[in-house]
Structures are given as C-alpha cells and as structure tokens.
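Input: a single structure, listed below in structure tokens.
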Amino acid sequence: MTTGTGVGRTPLRFRPAWALLAGTAGWMSVLLPLSLLSVVLCSVSIRMADHQRETLLLLADTTAGTNRYSALEWQAISSAAVKPSIWAEVQASRATLSGLHTALRLAQTTDAAGLGGWLQARRAHTSAPTLGTVTGLLGEFLRATDTEFALLGSGDRAGARGLDEARVNPLAARLNRVIAQVRQARAQAADRTVMLAVGLSVLTLLCSLVTVGVLGQRLRHNLRAARRHERERQQERERENRDPLTGLWNRQELHRLFARWTARGELSVLVLDLNRLKAINDAGGHAAGDAHLRRAALALLEVSQPHGLAARWGGDEFVLLLPGLSVQDAQRLAERAGTLLETSGDPLPPLAYGAAHVPGATSLERVLALADAAMYEHKERQRHEVARLGQGARVGVTVEEFTSRLEQLETPQDVLTEGLALARTVLDFQASAWLERAGDDRTGDDFILRRLAGHVPAEARAALEGRVYRAGDGVTGQAIALSATRWSNDYPAEDYALEAWVTGGLKSVVMVPVRHGGRMMGLVGLLNFSSWRVVTPQARRLLETLASRLGHTYERVQAVESVRSALQGGLLALGVALEERDLETAGHTGRVVELAGQLGRTLGMTDSKLDALRQGASLHDIGKLAIPDAILLKPGPLSPDEWNVMRNHAERGYEIAHRLSGLTATTLDVIRSHHERWDGSGYPDGLTGDAIPLAARIFAVCDVYDALTHVRPYKDAWTHEAAITEIRAQGGTHFDPQVVNAFLALVEPGSGVQDLIPDASRFQNR
C-alpha cells in the first residue's frame, strides 16, 4: 500500500523525482558538457579581455608619466637654475617611468605566453607597433633624458638644449604616437574579446533555457503530488511548532509569526522570566518544575488573549507578541500574569519582565535584546527591593545570568567595571582588582595595580593601588610566573604572602591572567578583606570566563582599529594615484586628509564622522577618472565646453563612489559638494549656506589652502600669509565664515581668533 501513513508513503513521494532524473538523463548528457565548455571559454575570454584592459591602463600611465617627465625636463631647461624641488620631482618621475618600463616588459612577456603572442605575430606581419616597440622607445627615451639631465647637472645648458631638440623631443613625440597606435590596437582586440565572451554567455544562457524547459515539462507532472505532500507537511509543522510541555508556540514558530505580524503594523514584545523555577526543581523535583511551567503558560495565555500570542522561548523564559499595545499596556499584562502566579511566603515576585516597542519591520533578535535588557533591569530592582526589606535569604545573580550578561559587554571598560562588579555580586566577594602590564615586552613582566573597586579598607587602597608586581611572591606573583589561575582561601597563612596585603587585611583572593595577542597583558582578581571566603572551582571558572571575555574585547577593539587603518590607508593610496593622473602636486592628498581631520576635530566631529571626512578627502577627485586626458592634462586654459566637462567631475565622482560598498553619506558628501560655495555660486548643485554638508565645507577650506601654498604646473606657490589673507577674504562668499575662523585658529594659534571659534556642539550632529 502506498496511500497509508508512515514509511509506506515514501515511494509515492520520491518515485516522480527518480522518473524525472531518468527521463532527462539524455538531454543532460548533451547540454551539461556544452554549458560547461561555454562557461570555460567565456572565463578564458574574460581573462584575456582583462589583460588587454590592464595593458591599456599601463600604456595610459606611460603616456601620462612621459608627459610629466617632459614637462619637468622643459622646466629644468627653461629655468636659469634648476631648483632643488625640480630635481626631487625629476627623481620621483624618473622612478615612476622606470617602474612602468619594467611593467611593460612583464606585460610583453605575458603577451608572448598567451593570446598576446598571436596578436604580436599578427602585428609583426602587418608592421604594426607592439609592446616591444613601446618598451624599446621608452628605454631609449629614459637614457636620452638621463644624458640631458647629466649635462644640466654639469652646467652645460647649451648641450642639454641641443640634445633635447635633436633627440629627446623627437623620441617623446614618437613614443606618444606609438603608444597611441598600440592602445588603439589593444582596444580593438579587447572589444573583440568581450564580444566573444558575450557570445559564449548567450550560448550558455540558451543551453540553460533549454535545460530549464525540459525540466519544467517534467516537473509539471509532479505538482499534484507535491501539493498533496505540502498539505500533509502543514499538519506536521503544526505539531512541530508547539512546545510539547506547555502547548505554547516554540522558538521556531515565534520567528515566523514575528516576521508576519511586524509586516502588518506596530506591536510590543514582552519577555518574561520565572524567578522561582530552580528553587521549585530543587525542592520538589522536575515534576514540580514542569507543573509550574504549565501553570505559567496558562496564566500567559489568559492575559494575552485575545490581544496576541504566547510562546516559550526556552527554559524558564517566555515571549508574548502583543499587536496594537504600547509598552505600558504590555507591562500591565505582565503584572496581571504575576498576580495569577503569586504564592504566599515567597520574597521574590513570581516573574520578571521587560517590554520593547516594535514600530515596523526589524529582526526579532534586536527586539529581544532590548526587552531582555529591560527584563534584567527589572529583575535587579526586584532583588534590591527584597534585600532592602530583609526578606528571605540574600538574592544574587545566577551563574546563567552572569554568563549571559557578560556576553553583552562589548568593550574592555565595560568588562572591567560592570563585569567585575557583577562577578563580585555573583560570587559574594567584597572587592575586585585589575593589574595591567607596564610598557612592552622589553620592560619585562611588570604589572601595575591600576584599579581596586568595591569595599576596600582605606589603608589597603592607599598601600596597594599603583604598586608594581613581578613574578615571585604572593598570589599575584605566582599567577604571573605560572601564567595560570592562583588563589588562597586563607591568605595570611600562606608562606608567600606579601606583608602589604596582610597589613591591608586581605583574607581570601583569586587572581586570573588575561591574555591577548599571544601574551599575558593583565590580571583580574577578586578579594575579601573582612572575612574568609572559600574560592570554589565555580568561582575560578566564572572569573576565568570574565578574563577570557576581557581578552576577547581587547582583540575586538584592536581588530576594528586595524580594519579602520587599513581602509583609510587604501583610500589614501587611491587618492595619491588619482593625483598622479591629474598632475597634482605630490603629497596633496595626504596633506589635505591630515589637515581636514585636524579641522574636523577642532569643530567637535565624532570619531566616526572624522573617519568619513578623511575618506572623502582621499577620494575627493575620483570623478576625474571620467574626464578625458585631452581636457584633464591640457596645459593651457580650458574652453567653455571643456570647463563644463571638467565641472562634471564632482557629480561623476559621487556616482562612482556611490557604487563602492562601505562608504558613508558623509564621505559621499565631500566628493559631491566640495566645490559648492557659501554664496550659492558653486557646483554641481548650487547649494548655499548650511545646506552645504559640513564635511564638504571643512574640506573646501583645506583643499584651497593646500592648492594655494604649493606649486602647480600652471602657477607658483603662494606664501602662507598670502593664502591666509585670501581665505579670510573669501569667508562668507566661498567659505563658511565659522569654519574659516576655526581654520585660522588652527593654522595660526597666536592670531587671536580663538574667541571667534563657534561652539563645537553646534556641529556635532551634522
């Protein structure tokens, strides 16, 4: 029989799938190899196209480098005396061209090993120039210019001019012509390769469509059986999504229902935790605990209906979804449930709760974190109230709560304050200690007691804080020497006890090393002064857990800082590459990044905003990648049409950067709006006043100052005083006046304009 339940129904479910595989085997044996071959050929074509484009970029860089070198050579010959700055730029440009020469030779080798060899053979047959021609001409050009600069260095300017006219200039002109011819041929080859890749992609798509069509025809025969199977599975899921003990929805179904309900509108989420479950289990066994859980489930069903639904999250924790209710309404429902579960003689309320409001679609984990936090705060208030009233035994945080709350601490400071305070409460110790490694590894294993928290006698605090500890005597010295947890239940009786600790009244202590980056970087400890405290294995494990969490937070902070530094370094390198193409003064990008960061900090920007400002400064001219060389590198003034093209670089840069993942809105603001003017005459959007993003206003001042005070191919450098005068004059027209005041105070500390700096809080939320 195949229509019954259980195992006998399996053939009905799977026979159509096997029939599908058997019926399509013939088609797949033809289509699959053809598809794979198309994919492989397409991949090879794309790689060849990538090589051609890389070579085109290399040739473009060679043209730009040659033009820059020629410009420097012309400046050197035209000047009465070659300035040291010109010599420095000559050396840098010469090094760049040497690197390009080496890269061209490597590209030539790659050509010879692949499709480029065939292309090179075709060019040789047609007498077309090749990479080898470019490499040879570039080497000859470098040798000729080396000779020319050697003549200049020896004072023979007439000889240098003669060499320049007879050999260097013709070589440069010929090199540019040959590069242009090779670039044209390479571009055509790259286009052909891309067209081949497109054709192969189309072939792959056609094969895939045919395969999908064949499979679709077969799959239609299985839809009826699949629908019947889905109805059966729906019934099974209904049973699977219920908690077997309480009958409430389980965690899996809660996730699904939460997603569906948040799509409909606002709701509140209520998290409830039973306070007495462990005590009930200890007193009456798990049967009594199960009965209490069922009672709690019934109470929650009573108060939640008809408003929402109740689910068991796990253990002694429950969750209510309450659509249309506020947080205050949810809290009142929790109070009603607590009233239904109250028992006489219990100092603690039956449950603790926390609520969070959900205004729209979001993740359940985020909402539960907020509600959990409120629940733990409520639980803590309950315990403090019980302790204040002196009802029952001391109520402390459980081990499970300690571990859970410790995992929520994200920074070393949080672990050293809140985490250690929580450990003192859980383990019933009076005080905690934090010892930090002094200096680096070269200073040895010296540790300084940086912090004593909790109830510490005044004489002990004065004698112990700031003290240096080394491997040797005392529990601390042993923990340092062995790099392991050490403790004492009766410290004064120990042979290795330190007199300062004994005099301070220490009775019991446990010290645990904290490791980070493969070494011990500190120790955490718990101490008791007024009485002896047994250091149990559980106490040691909990403190070791805290030490592990502390080391993890240090590693996390270091990792985040490394990623931030790597990102800023990469963007700065890209900015430097951009300024090379634009013939910017060397170092412009690095200088404006640093200056903009200093000015932003003066104006009170947060660290995250400062990072975004520096990133925008690194990429501010990325839009010039879209400007043709004929306009970007034009030595003379631009025509109106050319100037309109140049003005588009800010908007094009924004479009390029917007496609780079990870860049913030502040970074994009700098790229798009750094040419806007305070009076509205800037571009691309004609923004005025405070409508211009703050980061763009800050960068604009730094960018103009650096451009004025450094040499450009079309002008000499201004003096610092002249540049400052110009920037002060442009306040209120080109620049934000208050940003100008802050800038002047930054670059001229003794100018007396500090009183004009605006309140930093005015800018902190921009």
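The shown structure was predicted, so the numbers you read here are calculated from the model rather than taken from an experiment.
You'll find the side chain of Leu151 reaches within 4.5 Å of the side chain of Leu163, heavy atoms only. Between Ile179 and Leu138 the shortest side-chain heavy-atom distance does not fall below 4.5 Å. The shortest side-chain heavy-atom distance between His720 and Ile724 falls under the 4.5 Å cut-off. Counting only heavy atoms from C-beta outward, the side chains of Thr133 and Val182 never approach each other to under 4.5 Å. Put simply, the side chain of His675 reaches to within 4.5 Å of the side chain of His649, judged on heavy atoms. A 4.5 Å side-chain heavy-atom check between Arg697 and Leu694 finds at least one atom pair inside the cut-off. Using a 4.5 Å heavy-atom cutoff, the side chains of Trp678 and Thr688 are not in contact. Using a 4.5 Å heavy-atom cutoff, the side chains of Leu668 and Ser673 are not in contact.
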Tell me, with the steps shown, if Val593 and Leu613 meet side chain to side chain contact (heavy atoms under 4.5 Å, CB included).
CA-CA 8 Å; Val593 167; Leu613 171 60; over 6 Å; no

Going through the distances and angles, do Thr666 and Thr664 end up as a side-chain hydrogen bond (donor to acceptor under 3.5 Å, both in side chains)?
CA-CA 5 Å; Thr666 300; Thr664 67; 4.5 Å; no

Does Asp703 form a side-chain hydrogen bond (donor to acceptor under 3.5 Å, both in side chains) with His588? I'd like the steps, not just the answer.
CA-CA 8 Å; Asp703 187 39; His588 170 72; 3.0 Å; yes

Could you go step by step and tell me if Arg143 and Asp146 meet the salt bridge (Lys or Arg N to Asp or Glu O under 4.0 Å) rule?
CA-CA 5 Å; Arg143 290 190 294 273; Asp146 287 346; over 6 Å; no

Taking it one step at a time, do Leu100 and Leu58 satisfy side chain to side chain contact (heavy atoms under 4.5 Å, CB included)?
CA-CA 7 Å; Leu100 291 170; Leu58 190 59; 3.6 Å; yes

Trace of the side chain to side chain contact (heavy atoms under 4.5 Å, CB included) decision for Tyr654 with Ile622:
CA-CA 8 Å; Tyr654 173 84; Ile622 192 173; over 6 Å; no

Go through the steps for Leu603 and Gln738 under the test side chain to side chain contact (heavy atoms under 4.5 Å, CB included), then give the verdict.
CA-CA 10 Å; Leu603 289 170; Gln738 302 212 48; over 6 Å; no

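Between Ala695 and Val670, the shortest heavy-atom distance links the atoms CB-CG2, 3.5 Å. The minimum heavy-atom distance between Thr135 and His101, with the atom names listed, is O-NE2, 3.2 Å. Nearest approach of Leu687 to Ala691, heavy atoms of both residues: CD1-O, 3.7 Å. Taking every heavy atom of both residues into account, Val645 and Pro628 meet most closely at CG1-CD, 4.2 Å. Between Ile698 and Ala596, the shortest heavy-atom contact is CG2-O, 3.9 Å. What you find for Gly597 and Leu610 is that their closest heavy atoms are O-CD2, 3.6 Å.
Rounded to the nearest 0.5 angstrom, Ile692 CD1 and Asp685 CG are separated by 10.0 Å. Between Phe141 atom CZ and Asn169 atom CG the span is 8.5 Å, to the nearest 0.5 Å. Taken from CG in Leu746 to OG1 in Thr602, the straight-line distance is 4.5 Å, to the nearest 0.5 Å. Leu599 CG to Glu594 CD: the interatomic distance, rounded to the nearest 0.5 Å, is 11.5 Å. The structure places OH of Tyr683 at 11.5 Å from CD of Glu651, a figure rounded to the nearest 0.5 Å. Between Leu171 atom CG and Thr145 atom OG1 the span is 9.0 Å, to the nearest 0.5 Å.
When each of Arg677, Glu676, Glu726 is paired with His734, the side-chain contact (heavy atoms from CB on, under 4.5 Å) condition holds for Arg677 and for no other. A side-chain contact (heavy atoms from CB on, under 4.5 Å) with Thr667 holds for exactly one of Arg672, His620, Arg614, Gln615; it is Gln615.
Side-chain contact of Ser681 with Asp679: a donor-acceptor pair under 3.5 Å is present, judged by distance alone.
The aromatic rings of His674 and Phe699 lie perpendicular to each other, with more than 60° between the two planes, well past the 30° mark.
Formation of a donor-acceptor pair under 3.5 Å by the Asp156 side chain with backbone atoms of Gly159 is found in this model. Between the side chain of Gln181 and the backbone N or O of Val178 there is no donor-acceptor pair closer than 3.5 Å. Side-chain atoms of Ser93 never come within 3.5 Å of backbone atoms of Glu89 as a donor-acceptor pair (strictly under, hydrogens ignored).
Within 6.0 Å of the CZ atom in Arg174, the count of heavy atoms belonging to other residues, nucleotides or ligands does not exceed 12. For Arg105, the CZ atom counts as loosely surrounded, since its 6.0 Å shell holds 12 or fewer non-hydrogen atoms of other residues, nucleotides or ligands. The number of heavy-atom neighbours closer than 6.0 Å to NE2 of His658, taken from other residues, nucleotides and ligands shown, is 12 or below.
A salt bridge links Arg652 to Glu655: one of the charged nitrogens lies within less than 4.0 Å of a carboxylate oxygen.
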